[in-house]
Amino acid sequence: MAKRLGDAHELKPPIRPLEREMDLRNNHIGRELGRTLAQTYPQFSGDPHYFFMELSTNLDALIASGGLWRLTTLASDGTVIDGVTQLVRTN
């Protein structure tokens, strides 16, 4: 369900290919992390706050270690600059 909803959101116009690719990659990583945490720590199901805190901690570590994706060199309004903006790891 999370994949269908996340992917559907990325198909919503306007479709910007580089932004869409970044989002789809990061969505996949996030789903895998959530699945791993839920399987490793089944006690989280009784405490959503603790689950989200653990998820946040793990995402922060992924960002710091280059485990997620980001766009470089955006325009001042935050949009992609064709031929300049690149998709790179977060570190």
Side-chain angles (χ1 to χ4, degrees):
M1 176 68 92
K3 179 175 178 6
R4 287 189 302 170
L5 290 174
D7 289 355
H9 174 75
E10 303 310 332
L11 296 174
K12 187 172 73 168
I15 298 173
R16 296 181 177 94
L18 208 52
E19 291 176 64
R20 179 175 183 260
E21 181 64 24
M22 177 192 68
D23 289 342
L24 289 174
R25 288 181 187 195
N26 287 336
N27 289 352
H28 173 76
I29 293 165
R31 284 191 307 274
E32 290 302 311
L33 176 58
R35 180 178 301 125
T36 298
L37 289 174
Q39 290 172 348
T40 305
Y41 304 104
Q43 68 272 24
F44 286 163
S45 63
D47 188 352
H49 176 73
Y50 187 71
F51 177 82
F52 288 114
M53 292 299 294
E54 191 67 25
L55 184 63
S56 176
T57 299
N58 279 267
L59 286 172
D60 287 345
L62 278 171
I63 291 168
S65 68
L68 293 175
W69 296 90
R70 68 180 179 88
L71 298 174
T72 63
T73 318
L74 297 171
S76 61
D77 65 356
T79 58
V80 168
I81 303 169
D82 291 334
V84 175
T85 301
Q86 296 180 345
L87 182 60
V88 298
R89 292 289 191 163
T90 53
N91 64 346

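Quick caveat, the model's predicted, so the values are computed rather than measured.
Side chain of Thr85 to backbone of Thr73: a donor-acceptor contact under 3.5 angstrom is found. Checked by atom type and distance alone, the side chain of Thr57 pairs as donor or acceptor with a backbone atom of Met53 at under 3.5 Å.
Here the CG atom belonging to Asp82 is positioned 10.0 Å from the CZ atom belonging to Arg16, to the nearest 0.5 angstrom. Separation of atoms CG (Leu87) and CD (Glu21) is listed at 6.5 Å; rounding is to 0.5 Å. Atom CZ of Arg35 and atom OG1 of Thr40 lie 12.0 Å apart (nearest 0.5 Å). Between atom CG of residue Leu5 and atom NZ of residue Lys3 there is a gap of 11.5 Å, rounded to the nearest 0.5 Å. Note that CG of Asn91 is 11.5 Å distant from CD1 of Ile63, once rounded to the nearest 0.5 Å. The distance from the CG atom of Leu68 to the CZ atom of Arg25 is 11.5 Å, given to the nearest 0.5 Å.
Nearest approach of Asp77 to Thr79, heavy atoms of both residues: OD1-OG1, 2.6 Å. Listed here is the closest heavy atom pair of Phe51 and Leu37: CE1-CB, 3.8 Å. The shortest heavy-atom contact between Arg89 and Arg70 is O-NE, 3.6 Å. Of all heavy-atom pairs spanning Leu62 and Ile29, the tightest one is CD1-CG2, 3.8 Å.
Using a 4.5 Å cut-off on side-chain heavy atoms (C-beta onward), Leu74 and Ile81 make no contact.
Linking Ile, Leu, Val, Met, Phe, Trp and Tyr whenever their side-chain heavy atoms come within less than 4.5 Å puts Phe52 and Leu59 in one cluster.
The local environment of CD in Gln86 is sparse, with at most 12 non-hydrogen atoms from other residues, nucleotides or ligands closer than 6.0 Å.
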